[in-house]
Amino acid sequence: MHPIEKIRAEHGAPFYIYDGKVISEQASILKNTFPGFGILFSIKANPFMPVLKKMASLGIGADAASAKEVDLAIDAGMKEIYYSCPAPTKEDIDHVLDKCRIIADSFHVLTLLEEAAAARSLTLAVGLRIHPDFTMDGSPQMPSKFGIDESLVWKTDFRKAYPHLTINGLHIHIRSQVLDTEQLGNYYENVLALAIHLQNHLGNKLNYINFGGGVGKVYDAAKQDPLDFKKLQQTISSIKEKYKNELSTKFLLESGRFLACDCGTYVTEIVDIKESHGKKFYIVKNGANGFFKPVLRQMLLPFHPDQIGASYEPFATENDSYEIHVLSDSNETEIVDIAGHLCSGADIMAKDVKVKKGTIGDLVTFNHAGSYAYSLAPLLFASQPMPKEFFIDE
Ligand SMILES: Cc1ncc(COP(=O)(O)O)c(C=O)c1O
C-alpha cells in the first residue's frame with residue numbers, strides 16, 4: 001500500500017508526509033556545491049523533530065531564529081547551532097547563552113549581550129548580522145529591519161563600546177530563492193570582501209562567515225531554470241582560492257527551502273462538493289489552517305498578477321506553484337476551485353485547477369509542502385482539528 005493510503009487508513013486526513021530520502025538528495029547537492037562549508041538548516045522552515053533529526057544525521061547544523069528553536073536543535077542532536085534572532089529579549093539571551101553561537105542583529109542586542117557577559121565576568125564571542133550596502137541584483141540598497149547597516153559598522157569601535165564582547169563572526173542574509181547563478185556567485189564574493197574589511201576594522205580574525213540563505217529551488221518548471229550547481233561550485237572554489245590568505249575561517253550556508261521543500265506533501269480530504277453560479281467547489285479539510293501558503297498566494301495574486309515580490313518571503317514566493325492531485329478512480333477530469341472549510345471566502349487553495357473528477361472522501365495532495373508549510377499555518381481559527389505529521393525514510 002502507498003504510504004499516503006496507509007497513513008490515511010490508520011490516522012485519517014489531513015496530514016503532512018515528509019520523505020527523508022529527498023532531504024538526503026538535496027543535502028548532497030549543497031555539500032557537493034559548497035565543499036567544506038558548514039550547512040545549517042533554517043528550522044523555521046520545518047521544525048518537525050524527525051526532519052530535524054534527519055538533518056542532524058546528515059551533519060547539518062541549525063539556523064535557529066528563537067530560543068525554542070535552539071532547544072529543538074539540541075534535542076535533535078544538531079552539533080552546530082547558530083542563534084540569529086531578529087529581536088531577542090534578555091530572557092532569550094539568558095536561555096541560549098551557553099547553548100549556541102549568538103549573532104547580534106542590532107546595537108540593542110549587542111548591549112544586551114554586553115550586559116550578560118559583564119554580569120558573568122566573561123568575554124563573549126558573538127557574530128554580527130550586517131545589512132550590507134550591496135544587494136543581490138545590483139539595485140540600490142533599501143532600508144531593512146534586519147542587521148546593522150554596513151555604514152554604521154564602520155563608524156563603531158566595538159571593543160570600546162562592548163568591552164566584554166569579541167566580534168568573531170559575520171552573518172549576512174539579504175534574499176531567499178535566488179535562481180540566478182551569476183548573481184549568487186557575485187553575492188558570495190561581495191560577502192567575502194566585506195568580511196575582509198570587517199576583520200581589518202575589528203583588528204581580529206573572524207572565526208566564521210555565514211553567507212545566509214539564498215539558494216533557490218524550482219517551484220514552476222515552466223517558468224524557472226534551476227541553479228547551475230556545477231558553475232556555482234567552480235565560482236565558490238575560485239573565490240575561496242582568491243581570498244585564502246586573508247580569510248582562514250569557517251564558511252557557513254543556511255537553507256530552509258532547498259533542503260526541505262520537496263520532501264513534503266500535504267494530504268487533505270474532500271468533505272463537500274458544491275456548485276455555485278456555474279463554478280464547482282471541492283471543499284477540503286484544513287485549507288488555510290493546514291497549508292496556508294497556497295491560500296496566501298491566491299490572496300495576493302489579484303494585486304500582483306505578474307509576479308509576487310520577493311519581499312513577501314517566506315509567506316509567499318515568486319512563481320510558486322503546486323502540483324495538485326485528486327486521488328480518485330475516475331478517468332474524467334474537471335476544472336474546480338479547491339476551498340478550505342474555514343468561515344472565510346479567502347480560504348481558497350487553488351482556483352480553476354484541472355484535476356481528476358473527485359467525490360466526497362477522496363484525498364487531495366499538494367507538493368512543495370516541506371518548508372514554510374505547516375509552520376506558517378494559522379491553526380486556531382475555527383478550532384478545527386489540526387493536521388498530523390509523518391516522516392518516512394525509504
Ligand atoms: C536569516 C535567514 N537565513 C536563512 C533563511 C532561509 O531561507 P531559504 O529557506 O530561502 O533558504 C531565512 C528565511 O527566512 C532567513 O531569514
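Every number for a ligand or one of its atoms is a count from 1 in the order of the listing.
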Inset, instruction - Using a strict 4.0 Å cut-off to heavy atoms of Ser42, name the atoms of ligand 1 that fall inside it. - result: 4 (C), 5 (C), 6 (C)
Legend entry - In one Ile/Leu/Val/Met/Phe/Trp/Tyr side-chain cluster, 4.5 Å: Met142, Ile130: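 In one cluster with Met142: Ile130, no.
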Legend entry - Residue portion contacting ligand 1 (non-hydrogen atoms closer than 4.0 Å) for Arg175: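 Neither part.
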Identify the protein heavy atom lying closest to [atom], giving its residue, its atom name and the separation to 0.1 Å.
| atom | result |
| --- | --- |
| atom 10 (O) of ligand 1 | Arg257 NE, 2.7 Å |
| atom 3 (N) of ligand 1 | Glu254 OE1, 2.6 Å |
| atom 13 (C) of ligand 1 | Tyr372 OH, 3.5 Å |
| atom 7 (O) of ligand 1 | Ser176 OG, 3.2 Å |

Inset, instruction - Take Lys356 and Asn331, measure what side-chain contact (heavy atoms from CB on, under 4.5 Å) needs, and give me the verdict at the end. - result: CA-CA 7 Å; Lys356 269 190 172 183; Asn331 293 323; 5.8 Å; no
Inset, instruction - Anything under 30° is parallel, anything over 60° is perpendicular, the rest tilted; go ahead and classify Tyr162 against Phe107. - result: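 Tyr162 vs Phe107 ring planes: parallel.
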Quick one: does [X] get within less than 4.0 Å of ligand 1, heavy atoms only?
| X | answer |
| --- | --- |
| Ser84 | no |
| Phe146 | no |
| Lys44 | yes |

Inset, instruction - Enumerate the residue pairs fulfilling ring pair (Phe, Tyr, Trp, His ring centres under 6.0 Å) with a member in residues 54-90, sequence neighbours excluded, ordered by first and then second residue. - result: Tyr82-Tyr208
